[in-house]
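In what follows, a single structure is set out as structure tokens and then discussed.
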There are 2 protein chains.
Amino acid sequence: MVVKQTPTMEDYLERLLMLQAENKPATVTEISRMMCVKMPTVVYAMKKLSEQNLVEYNKRSPIKLTRKGKRWGANVFRRHEALRHFLVEILNVDPDIAAEDACKMEHFLSPVSLERLSKFLDFVLKCPRGKPEWLEGLAYYFEKGERSEELLARCQRGG
Amino acid sequence: MVVKQTPTMEDYLERLLMLQAENKPATVTEISRMMCVKMPTVVYAMKKLSEQNLVEYNKRSPIKLTRKGKRWGANVFRRHEALRHFLVEILNVDPDIAAEDACKMEHFLSPVSLERLSKFLDFVLKCPRGKPEWLEGLAYYFEKGERSEELLARCQRGG
DNA sequence: CTCCTTTATTAGAGACATCTAATTAGAGAG
DNA sequence: CTCTCTAATTAGATGTCTCTAATAAAGGAG
């Protein structure tokens with residue numbers, strides 16, 4: 001019965017899912033390259049994960065996520081994407097930095113917060129009437145350091 | 001020359017700052033209680049931090065942050081607060097959960113993202129014309145699972 | 001088949017952060 | 001001063017994740 005994974009293990013699960021999604025074989029070498037760790041580290045991790053039935057690991061053959069591992073990886077990925085999108089789309093953070101931050105923070109976003117963050121993004125970015133004006137105002141504020149009088153006026157006209 | 005702290009050490013610095021702010025003496029026992037670790041763990045941490053001149057630690061006397069340690073702690077706190085506020089004020093996450101999530105994620109928020117997040121919160125919560133309407137719409141969306149037609153219409157009147 | 005190269009694994013060590021158990025220091029009661 | 005209690009420290013162990021160095025397996029070139 002698995003109830004928790006360390007951030008490290010979650011990273012491996014997420015990476016395995018990515019590889020699978022791209023139809024790349026998940027080899028020790030490949031994972032090691034992508035995660036910037038040495039091969040023995042990967043072997044250690046795969047053994048750990050297979051003890052928990054999150055991956056199917058047989059020496060010298062490509063690694064496969066189990067159904068359980070896939071679910072877990074997908075979950076990590078959702079958290080990653082929610083955070084990354086928020087940073088990029090709302091906060092206008094540089095995509096590389098956003099990805100890095102998301103990659104670290106993803107392990108600590110609780111289910112409730114994830115759900116809210118996702119809904120927030122939907123609310124803002126999938127508004128049936130197009131992107132809300134305040135997003136523009138926010139971008140202006142980021143850039144100039146002050147609020148756009150014009151947008152401020154327009155945005156509040158209806159309030 | 002200190003360039004980085006582990007999340008753990010950042011937590012101690014933050015906690016020390018809190019104690020100081022409340023004028024409570026920072027003893028091993030107190031820190032141990034507050035951080036839910038045993039006393040030897042605290043001693044270990046204080047030794048580590050004092051090696052880096054982040055705290056003044058002399059056996060059997062109250063622990064003090066150095067100027068450097070204070071700065072670092074304050075920085076952690078800023079990240080904590082930005083995240084917590086976002087979760088509470090924007091995403092309406094339960095305050096306890098928000099605090100927990102913030103406490104974990106705070107260690108991984110880059111300076112750029114912090115700056116943007118803080119500005120975002122200012123922009124939204126310190127709007128000179130009061131809280132923007134879309135926040136209400138968002139709360140509605142969280143609660144009902146769908147957009148409020150009324151607010152949608154009003155919010156867009158000016159766009 | 002033998003040699004070489006690449007890939008993977010094992011063995012062993014180290015950093016970090018935690019614990020338990022044992023010890024020491026200090027403070028207050030008598 | 002001695003006894004006792006609490007606070008603090010030391011010693012030693014553990015789990016996680018990483019590394020390097022050494023070894024093993026597998027696949028191709030000849």
Side-chain angles (χ1 to χ4, degrees), chain A residues 1-16 19 24-65 69 72-73 76 100 103-108, chain B residues 1-16 19 24-65 69 72-73 76 100 103-108:
Chain A
M1 193 86 283
V2 179
V3 279
K4 204 171 177 306
Q5 292 302 318
T6 59
T8 303
M9 291 305 154
E10 282 199 345
D11 282 334
Y12 286 107
L13 292 172
E14 192 185 16
R15 181 59 63 186
L16 285 165
L19 281 170
K24 285 189 193 168
T27 62
V28 170
T29 302
E30 186 58 15
I31 299 167
S32 142
R33 239 200 300 272
M34 297 186 85
M35 303 199 52
C36 300
V37 296
K38 302 298 177 183
M39 283 194 284
T41 308
V42 175
V43 172
Y44 167 83
M46 294 309 112
K47 279 181 183 168
K48 281 274 177 162
L49 290 175
S50 82
E51 277 168 20
Q52 302 182 278
N53 288 310
L54 289 159
V55 305
E56 242 176 80
Y57 170 61
N58 298 297
K59 289 189 187 179
R60 283 164 231 278
S61 59
I63 296 139
K64 275 199 59 184
L65 284 170
W72 205 300
V76 179
E100 270 178 54
C103 202
K104 308 263 190 60
M105 294 198 289
E106 68 192 14
H107 309 293
F108 307 103
Chain B
M1 195 85 284
V2 180
V3 281
K4 204 171 177 306
Q5 292 302 318
T6 59
T8 303
M9 293 303 152
E10 282 198 345
D11 282 335
Y12 287 106
L13 292 172
E14 193 185 14
R15 181 61 61 187
L16 285 165
L19 281 169
K24 287 189 193 167
T27 62
V28 170
T29 303
E30 186 59 16
I31 299 167
S32 143
R33 240 198 301 271
M34 298 187 84
M35 304 198 51
C36 300
V37 296
K38 303 296 178 182
M39 283 195 285
T41 308
V42 175
V43 172
Y44 165 84
M46 294 307 112
K47 279 180 183 170
K48 281 274 179 158
L49 290 175
S50 82
E51 277 168 21
Q52 303 182 280
N53 288 308
L54 289 159
V55 305
E56 242 176 81
Y57 170 61
N58 298 297
K59 288 188 189 183
R60 283 165 229 275
S61 59
I63 296 140
K64 275 199 57 183
L65 283 170
W72 205 299
V76 180
E100 270 178 54
C103 202
K104 307 265 191 58
M105 293 198 289
E106 69 192 14
H107 308 294
F108 307 102

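Quick note on labels: first sequence line is chain A, next is B, and so on, each numbered from 1.
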What is the distance, rounded to the nearest whole Å, between atom [atom1] of [X] and atom [atom2] of [N]?
X: A:Arg33; N: C:dT7; atom1: CZ; atom2: C1'; answer: 11 Å
X: B:Lys47; N: C:dA15; atom1: NZ; atom2: C1'; answer: 17 Å
X: A:Glu10; N: D:dC17; atom1: CD; atom2: C1'; answer: 15 Å
X: A:Met39; N: C:dG12; atom1: CE; atom2: P; answer: 20 Å
X: B:Ile31; N: C:dA17; atom1: CD1; atom2: C1'; answer: 16 Å
X: B:Gln5; N: C:dC16; atom1: CD; atom2: C1'; answer: 13 Å
X: B:His107; N: C:dA17; atom1: NE2; atom2: P; answer: 11 Å
X: A:Asn58; N: C:dA8; atom1: CG; atom2: P; answer: 14 Å

Do [X] and [Y] come within less than 4.5 Å of each other through their side chains, counting heavy atoms only?
X: A:Leu49; Y: A:Tyr57; result: no
X: B:Gln5; Y: B:Val76; result: no
X: A:Thr27; Y: A:Leu19; result: no
X: B:Tyr12; Y: B:Thr41; result: yes

Start with the C-alpha gap between A:Glu51 and A:Lys48, add the side-chain angles, then the distance that decides, and say whether salt bridge (Lys or Arg N to Asp or Glu O under 4.0 Å) holds. CA-CA 5 Å; A:Glu51 277 168 20; A:Lys48 281 274 177 162; 5.3 Å; no
Would you say [X] places a side-chain N or O within less than 4.0 Å of OP1 or OP2 belonging to [N]?
X: B:Thr29; N: D:dA7; value: no
X: A:Tyr44; N: C:dA13; value: no
X: B:Tyr57; N: D:dT9; value: yes
X: A:Thr6; N: D:dC17; value: yes
X: B:Lys38; N: C:dA17; value: no
X: B:Lys59; N: C:dT24; value: no

Of the listed nucleotides [options], the one nearest the side chain of [X]:
X: A:Lys48; options: D:dT16, D:dT18, D:dA7; answer: D:dT16
X: A:Pro40; options: D:dA21, D:dC17, C:dA8; answer: D:dA21
X: A:Arg60; options: D:dA25, D:dT9, D:dC17; answer: D:dA25

Once you apply a heavy-atom cut-off of 4.0 Å, does [X] come out as touching a base, just sugar-phosphate, or nothing?
X: A:Met9; result: sugar-phosphate
X: A:Met35; result: nothing
X: B:Thr8; result: sugar-phosphate

